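Counting convention: from 1, in listed order, for ligands and their atoms alike. This structure is a prediction, so every number in the text was calculated from the model and none was measured.
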Amino acid sequence: MSQIFSRSPGSALPIAVNGDGIFIEDASGKRYMDASGGAAVSCLGHSDPDVIAAIKDQVDRIAFAHTSFFSSPPAEQLADLLIDAAPPGLEMVYFVSGGSEAVEAAVLMARQYYVERGETERSHYIARNLSYHGNTLAALSIGASRNRRAAVEPLLMPASHIAPCYPYRDRQTGESDREYGLRVADELEAEILRVGPERVCAFVAETVGGATSGVLVPTPGYFVRIREICDKYDVLLILDEVMCGMGRTGTTFAFEQEGIAPDMVTVAKGLGGGYQPIGAALVSDKIFTAIRDGSGAFHHSHTYMGHPTACAAALAVQRAIRDRNLLDNVRVQGEALFRALTERLGNQPYLGDIRGRGLFWGIELVADRVSREPFDAALRLDKAIMAEAMARGLICYPGQGTADGVGGNHVMLAPPFIVTGDQVVEIASRVGDAIEAAIEKV
Ligand SMILES: Cc1ncc(COP(=O)(O)O)c(C=O)c1O
């Protein structure tokens, strides 16, 4: 028996031994089409020669130098590349080793920003239901994932949650998408006033909802209204693009499509594409300046922040995406994937909704298309779909709790940016087969 304390103790996993392009091969020689990039991580596919060469080159020079003493060429170049891609105002990059660390740093940095300004009462965070922001304590506190929070609830810090932007379930009859979005955005203002504006630090949201909500795309005008409300009460806007950022939705940052910019944005998964663990928070000039000219230090650090080998890998991944124009492919194949999914699943009785952007798609499943009644949560349809997909050589990302945190099911697809037209058709076909086989079995 394996000695690894795995995510699901007791369940045996195949052993991944090789990867090429959008495929992973296990120790028995079975090949899997990686249609979700793991969890929206592998944006460049597996075993890209340029990234491998960049990692080897960095390790040959120096694998690690501690950031108390040194910076490194790949960290400097990666920071420049990210800031060049970001809108004016986002000027500095804080490197960490993953998504939760990025969110944790952003949340704590928001608090320190207000402390530097003497507004020490500000310690309350507002986030959204059905959100996921990671597993460290601050990230868990602002996230809404019930099962992850349950056992540790007494340890969490104060945060409150407003409605997500979820038109499929919450839009009222007669309401346009825009009207709906403005209505739920206005919940932020109501919540700030309830808590007291002088007590609120930041509003944190995934620009496009991910793992727990099955890819929630904001309605037109939603984030413009959110930005206005944050500005009105001097509340920081932190966008969590750990999953949806770095090109996944067809633009480097998902917020570019919303016509706004946040005060901080967190990125991770697609930043290093899985070649190395890395995350970052991009920070606005006003926050950086307040800290630099105030106490002079962000009181927060990790041993592996700005790790040279991780930065070298991420730099090579980001250069590959830029130099090979892969975001064009994200947009083209994203549309093709939507068409293929609609063709394969559109008329099926279990299909609730297909939603997404770029190469980031969620398929919401329902027991009844008219009432939108979810499947019974006790059936664990998510686990059944995962098993059926793996049996068919497909890696997808099923989730449960989509509708209200407990019930509701979705399947998330986030293939690598190199996916081809033939492959998206194959993905749609295999995911349809897996869903149908799972529904039949549960
Ligand atoms: C939006 C979002 N934020 C944060 C995280 C946490 O990232 P990590 O698992 O790298 O710690 C995730 C992971 O799925 C995520 O989707």
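The residues Glu258 and Arg227 are annotated as not salt-bridged, no charged nitrogen and carboxylate oxygen being separated by less than 4.0 angstrom. Salt-bridge formation is detected for the pair Arg430/Glu426: a Lys NZ or Arg NE/NH1/NH2 atom is positioned less than 4.0 Å from an Asp or Glu carboxylate oxygen.
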_Criterion ring pair (Phe, Tyr, Trp, His ring centres under 6.0 Å) on His300 and Phe298, from CA distance to verdict_ = CA-CA 6 Å; His300 182 84; Phe298 176 38; 5.0 Å; yes

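Two residues are said to be in side-chain contact when any heavy atoms from C-beta on lie closer than 4.5 Å; Asn129 and Ile162 fail this criterion.
With hydrogens and angles disregarded, a donor-acceptor distance shorter than 3.5 Å links the side chain of Asn329 to the backbone of Phe417.
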Taking a 3.5 Å cut-off between nitrogen or oxygen atoms, can you list every pair linking ligand 1 to the protein, with distances?
| from | atom 1 | to | atom 2 | distance (Å) |
| --- | --- | --- | --- | --- |
| ligand 1 | 3 (N) | Asp240 | OD1 | 3.3 |
| ligand 1 | 3 (N) | Asp240 | OD2 | 2.7 |
| ligand 1 | 7 (O) | Ser100 | N | 3.3 |
| ligand 1 | 10 (O) | Gly99 | N | 2.8 |
| ligand 1 | 11 (O) | Ser100 | N | 2.8 |
| ligand 1 | 11 (O) | Ser100 | OG | 2.6 |
| ligand 1 | 14 (O) | Lys269 | NZ | 2.9 |

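A ring-centre distance under 6.0 Å is found for His307 and Phe64.
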